[in-house]
Protein chains: 2
Amino acid sequence: MTQSAKGALPTITDVANHAGVSRATTSRALSNYGVVNAATRARVLESAAELGYVPNVLARSMRAGSTHTLGLIIAEVGLSVFDLAMRSVIESARLEDYQVLVTNTNEDLRAERTSVRVMLEKQVDGLIVVPSSVDELEFLSKADLKGKPVTLLDRSLDSLGIASVTADNLQGTRDAVEHMQALGHTKIGLIVVTANLSGETGERPAGLITTIHDRVEGYYRAMADAGIDIDPAWVRYCGDADESATQAVNTILDAENPPTALIASNANMSLAVLRVAKKRGLVIGDDLSLVGFDDAPWAAVLTPALTVVDLPIEQMAKAAVDNLLAQIRNPDAEPTSVVLPTRLLIRDSVRDLSTA
Amino acid sequence: MTQSAKGALPTITDVANHAGVSRATTSRALSNYGVVNAATRARVLESAAELGYVPNVLARSMRAGSTHTLGLIIAEVGLSVFDLAMRSVIESARLEDYQVLVTNTNEDLRAERTSVRVMLEKQVDGLIVVPSSVDELEFLSKADLKGKPVTLLDRSLDSLGIASVTADNLQGTRDAVEHMQALGHTKIGLIVVTANLSGETGERPAGLITTIHDRVEGYYRAMADAGIDIDPAWVRYCGDADESATQAVNTILDAENPPTALIASNANMSLAVLRVAKKRGLVIGDDLSLVGFDDAPWAAVLTPALTVVDLPIEQMAKAAVDNLLAQIRNPDAEPTSVVLPTRLLIRDSVRDLSTA
DNA sequence: AGTTGCAATGAGATCGATCTCAACAATAAG
DNA sequence: CTTATTGTTGAGATCGATCTCATTGCAACT
């Protein structure tokens, strides 16, 4: 039999036999490495084409010790930012000739762990991770990763010396607060999302992921810098379930001295504010001002169009891929952290109180 | 040296040496296949744990001829439906213990081709594809796929005998039209998106992807069944660029006898209608009625909330994975086509003309 | 004691490609 | 005519795990 079992893909041995040369020569001809007689090469290429030969990259990878595959683990899910991040990472990797093995784990820490393990077993060359929490990340330590490089996306974790790409959320919230202040607002509220919180609370929970932590921190600092005393009732923390968020917004609006403007710490929180406002008959940009995070495709279409702090997701994803590839190509280099600027997109959801 | 080169992952040979048994026995102990003495197994497991052994699935796959990896190729991009589809496929696969290698190709046919090739080279066990076009799909033929099974998602292609999972778009549009008619509308327009069209036109282009084709077809049939003569000016075809869509909506609204209600053939078209309406000062659900496709997270939050034909994306994705796995597990079975029902989510964007 | 049966293990082939090294032929140089 | 050089090729090892098959040791039975 010229070719192995029926239905099986032709191997390099089949091509070699068909062309009447050895496997070694065939390999040289196909991979364009080493010297091969021009006529021989032509014959081999012809045989390969005729048999419909498709190289088995698994075998090559095993020999080479590299798979040209990256692992992408996204813990949080259901937000357009992360969908976009996922796509952008895949696209950026493709342009560098890397494929991406993707897992999303919906904030299940155990799934996150096993995902890392599965990816290591599949011999990815490196990992891009958006973890659900900053605690208990020891499974991303050097030892547990068997030396494979990681880059965190939209999260940082300086303590472990892990590379990361984030946006400047601190400045982002600052911009939002200052924009509101410039339009005459002083009573500015903040609604903060945080995983694994079922209800809502005014207490700042420990272990906020860095992204959210920085947004909260930026708020407090900007308010302090402006000399505004924050009424504790203006700030609420809630889980990411719709009801939890809705309730938090209600609590804020029911306060004795409610804020005139709200900052929503992510797109889901913006939606929650919009939902509550709609239900209460409050007109955004008039009765209640709002600045959101993440420029989702619908933000500009709302009436009024939503002012948002936009994150450069695509650039972040590309930076993460570049960062990871840099680590892969130069394993001895120190992991680096990249922080990209956010951009305040001013639209119509913050009312100008100064002219009123 | 007990262990191979520094930095390299320990192999089964390392574990075998450490435990003082052969590779064969180690393999048996670790994979729980075949008989091994209980004490020996314990010793092997202990050694594996001590060395931090992570199996090299590449090697196993090469031997087994199966990688437990599916390929997902999504041509269209930038719509929340496909983001959700991507996530759902990954999630469904994970529950079946399969990983997913993802590519998105942004409607570039060449990229689509090379993606298929790359996935075959990486020895995926099967492919789920959302192609950008129904023409020129010969690269998805049995021969070109080397016998690997495929399932099309949100597209069908009965001519080639390829398995597929789609939604009942025909009935979906029908439901939309009938809903509008029930509320007194007869002048119903349709705005259709189609790839690689730069401007907009009233002519029905050839080679519409099945999804869109069925939506158009459903519209014509429902109108015919209701005995309504369609003014050609009510139907416009456009590309998926924002300007192209915007222009198409404008053309429809500028018609001599403009429709009172519009059906948008996908979420981007809905956004286009909303944009134009906003610019013209038309209030949706009052001056102009609208039904969209795909229940994006923002649809319900709009004022008025958008009535949409909802596709069961998550079920479709799961069905696609199931369908593909069925083909993988039973290669001789005939490829099947699955059609899932859509659901009309009635909200407030269609005005009731009958009471006016 | 001799034979059979069974449990436990190891030696070696195998998957498909790559890479090292040696072999060989043809040509050039001495 | 011999030796060195260059160009071209093939044999065989290798990557890491699995699987087949043969071997060993020990207990049980006649």
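Each chain gets a letter, A, B and so on, in the order the sequences are listed, and its residues count up from 1.
Residue pairs satisfying the salt bridge (Lys or Arg N to Asp or Glu O under 4.0 Å) criterion with at least one member in residues 66-77 of chain A, sequence neighbours excluded, are listed as follows: A:Glu76-A:Arg155. Residues in residues 314-333 of chain B take part in no ring-ring contact (aromatic ring centres under 6.0 Å, His included) pair, two or more places apart or across chains.
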Which protein N or O atoms sit under 3.5 Å from an N or O of nucleotides 9-12 of chain D?
unit_1 : atom_1 : unit_2  : atom_2 : d
D:dT9  : OP1    : A:Thr40 : OG1    : 2.5
D:dT9  : OP2    : A:Asn37 : N      : 2.9
D:dG10 : OP2    : A:Ser22 : N      : 2.8
D:dG10 : OP2    : A:Ser22 : OG     : 2.9
D:dG10 : OP2    : A:Thr25 : OG1    : 2.6
D:dG10 : N7     : A:Arg28 : NH2    : 3.0
D:dG10 : O6     : A:Arg28 : NH1    : 3.3

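Taking only side-chain nitrogens and oxygens, B:Ser27 comes nearer than 4.0 Å to OP1 or OP2 of D:dT18. Checking the phosphate oxygens (OP1, OP2) of D:dA17, no side-chain nitrogen or oxygen of B:Tyr33 falls inside 4.0 Å.
In the helix from C:dA1-D:dT30 to C:dG30-D:dC1, the end axes, each obtained as the rotation axis mapping the C1' atoms of four pairs onto the next four within a five-pair block, lie 70° apart to the nearest 10 degrees.
Rounded to an integer number of Å, the gap from B:Asn17 CG to C:dG10 C1' is 13 Å. Separating the CD1 atom of A:Ile12 from the C1' atom of C:dC19 is a distance of 12 Å, rounded to the nearest angstrom.
Within residues 56-63 of chain A, the residues having any heavy atom closer than 4.0 Å to DNA chain D are, in order of number, A:Met62, A:Arg63.
B:Arg110 is linked by a salt bridge (Lys or Arg N to Asp or Glu O under 4.0 Å) to nothing, counting only residues two or more places apart in sequence or in another chain. With sequence neighbours left out, A:Arg63 forms a salt bridge (Lys or Arg N to Asp or Glu O under 4.0 Å) with no residue at all. Residues meeting the salt bridge (Lys or Arg N to Asp or Glu O under 4.0 Å) test with A:Glu50, sequence neighbours left out: none. Qualifying salt bridge (Lys or Arg N to Asp or Glu O under 4.0 Å) partners for A:Lys148, counting only residues two or more places apart in sequence or in other chains: none. Checked against ring-ring contact (aromatic ring centres under 6.0 Å, His included), B:Tyr98 has the following partners two or more places apart in sequence or in another chain: B:His68. Looking at residues two or more places apart in sequence or on another chain, you find a side chain to side chain contact (heavy atoms under 4.5 Å, CB included) between A:Val21 and A:Ala19, A:Thr25, A:Thr26, A:Thr40, A:Arg43, A:Val44.
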Without placing hydrogens or testing angles, list every side-chain donor-acceptor pair under 3.5 Å for residues 331-338 of chain A, not counting sequence neighbours.
unit_1   : atom_1 : unit_2   : atom_2 : d
A:Thr336 : OG1    : A:Asn323 : ND2    : 3.1
A:Ser337 : OG     : A:Ser164 : OG     : 3.3

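Test A:Leu72, A:Leu101, A:Leu145 against A:Leu127 for side-chain contact (heavy atoms from CB on, under 4.5 Å) and you get one pass: A:Leu145.
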